[in-house]
Amino acid sequence: SHIQLCIHFSSKEESLGQGSFTRIFKGCKTDIRDGEKHVTEVLLKELDVVHKNCWESFFEAASLMSQISHKHLLLVYGVSVHGVKNIMVQEFVKYGALDLYLKRGRSVSVSWKLDVAKQLASALNFLEEKNIVHGNICAKNLLLAREGDPSQGSFPFIKLSDPGISVVMLVILDRIPWVAPEVLEAPDNMTLECDKWSFGATVWEIFNNGNAPLRGCDLEQKQQFYENFQQLPPSQWTELADLISQCMDYQAAFRPSCRSIIRQLNSLITSDKNRKMLCTFIHE
Ligand code: ATP
Ligand code: MG
């Protein structure tokens, strides 16, 4: 179907900042359905002109997302090509990136974090069944659609965003510890197992309130981290620490299946021993 876009670049307030290779704006799309005009807020990612050589990767990310549909995957409407401008048009997600949300100091409960992890695992399971590699899972690429309020019995709701320009084109050492170690050896050979590693790092990040793992390390220290087969500081919650370390296994073949990840997350939620803790606001 055809979508008419009305894109507002005029007002400076519309700018929402910067991605690794993009400028981010808010806009709206207008489409006519049954003779009626529907206006929807959208998010626009404009590929930086200096990174024009990355457009292929940019298009791949957009096409990947526009071909699949799952409640925890971000809706991507398409890419608008306007002269030299390449603009990805996607669903606008109200509360933005999860890492920033957590870093802003909103106190969320353990069960809130577990819900987010479970939702991400269900998206990952969907991708695994379709044999699709995402390639850039991290808290920055999780968007918060609903905040939820545990006291009212309502849950958060997240959506996994597009992978963006392939991490291979970035300073790949910078993506440690989200990028799986084997990707450094063979950057063009991303597998489903790589996403499991990233999932582990992302869960770590969520439980550490959006603080980046290995923050403050320079690139050389990050590289050494992998060379020495190191692990992120474990959570005091041993079952959670165990799940993260299974995902972040240096041997890709040993990482758990999505079904096993979901099973383990469910048992974290239901086990009696943990039930009391779920209502608390642990800050690790
Ligand atoms: P990368 O490819 O490195 O992920 P990007 O272009 O996706 O880069 P991000 O850094 O992920 O850019 O996102 C930039 C900011 O834009 C985020 O902090 C987030 O708050 C906001 N943002 C991104 N996508 C959306 C969206 N669909 N809805 C609302 N806000 C968004
Ligand atoms: Mg992103």
Side-chain angles (χ1 to χ4, degrees), residues 5 7-8 12-29 40-66 68-80 85-106 116 119-120 123 133-147 156-179 183 190 195 198-199 201-202 205-206 209-212 215:
L5 291 170
I7 302 172
H8 301 288
K12 280 209 172 76
E13 285 88 63
E14 304 266 11
S15 172
L16 295 181
Q18 202 95 36
S20 317
F21 290 85
T22 53
R23 287 195 304 156
I24 315 270
F25 299 91
K26 194 173 176 179
C28 60
K29 85 175 164 68
T40 323
E41 283 182 328
V42 290
L43 186 108
L44 306 162
K45 286 188 183 180
E46 183 189 349
L47 184 63
D48 292 335
V49 179
V50 286
H51 293 119
K52 251 174 71 189
N53 60 318
C54 297
W55 68 269
E56 215 167 326
S57 190
F58 188 70
F59 273 72
E60 250 170 56
S63 95
L64 172 97
M65 297 300 286
S66 55
I68 47 184
S69 157
H70 184 270
K71 60 182 177 175
H72 293 300
L73 290 176
L74 183 77
L75 250 165
V76 171
Y77 299 109
V79 175
S80 145
K85 285 195 165 127
N86 294 311
I87 302 167
M88 197 190 300
V89 185
Q90 51 178 241
E91 174 185 10
F92 181 81
V93 182
K94 190 168 175 196
Y95 298 100
L98 186 67
D99 63 333
L100 296 179
Y101 181 84
L102 292 171
K103 271 192 272 203
R104 258 182 258 134
R106 284 302 300 240
V116 169
Q119 293 173 19
L120 177 58
V133 178
H134 181 276
N136 197 3
I137 293 170
C138 55
K140 170 176 73 101
N141 284 338
L142 294 180
L143 302 167
L144 189 61
R146 273 207 313 266
E147 282 185 290
F157 198 90
I158 55 131
K159 297 194 175 222
L160 176 60
S161 178
D162 67 280
I165 302 298
S166 164
V167 293
V168 177
M169 302 188 114
L170 302 162
V171 181
I172 201 162
L173 295 181
D174 223 14
R175 299 305 301 156
I176 295 174
W178 293 279
V179 67
V183 179
M190 284 263 206
D195 279 346
S198 311
F199 172 83
T202 305
E205 213 182 347
I206 293 166
N209 302 312
N211 289 311
R215 94 189 132 137

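Counting starts at 1 for both ligands and their atoms, following the listed order. FYI, side chains are in, hydrogens and waters are out, and symmetry mates aren't considered; it's all heavy atoms of this structure.
A donor-acceptor pair shorter than 3.5 Å can be found between the side chains of Q90 and D162.
The presence of a protein heavy atom under 4.0 Å from atom 15 (C) of ligand 1 is ruled out. Using a 4.0 Å threshold on non-hydrogen atoms, atom 31 (C) of ligand 1 counts as touching the protein.
Because the distance cut-off is set at 2.8 Å, N141 qualifies as a neighbour of the Mg ion (ligand 2) through one of its N, O or S atoms.
At the shortest separation from atom 28 (N) of ligand 1 among protein heavy atoms lies V93 N, 2.8 Å. Counting protein heavy atoms only, atom 18 (O) of ligand 1 is closest to L100 CD1, 3.3 Å. Summary of contacts: the protein heavy atom closest to atom 5 (P) of ligand 1 is K45 NZ, 3.6 Å. At the shortest separation from atom 11 (O) of ligand 1 among protein heavy atoms lies N141 OD1, 3.3 Å. The protein non-hydrogen atom at the shortest distance from atom 20 (O) of ligand 1 is A97 N, 3.2 Å. Protein heavy atom in closest approach to atom 21 (C) of ligand 1: I24 CG2, 4.6 Å. In this structure, atom 12 (O) of ligand 1 lies nearest to the protein heavy atom G19 CA, 3.2 Å. The closest protein non-hydrogen atom to atom 3 (O) of ligand 1 is S20 OG, 2.3 Å.
Residue contacts with ligand 1: L143 is included, with a non-hydrogen atom under 4.0 Å away.
Aromatic pair H51/F58: ring centres not closer than 6.0 Å.
Which parts of ligand 1 touch E91 is read off a 4.0 Å heavy-atom cut-off, strictly below it: atoms 26 (C), 27 (N), 28 (N).
Counting heavy atoms under 4.0 Å from ligand 1, residue D162 does not touch it at all.
The shortest N/O to N/O separation between N136 and ligand 1 does not fall below 3.5 Å.
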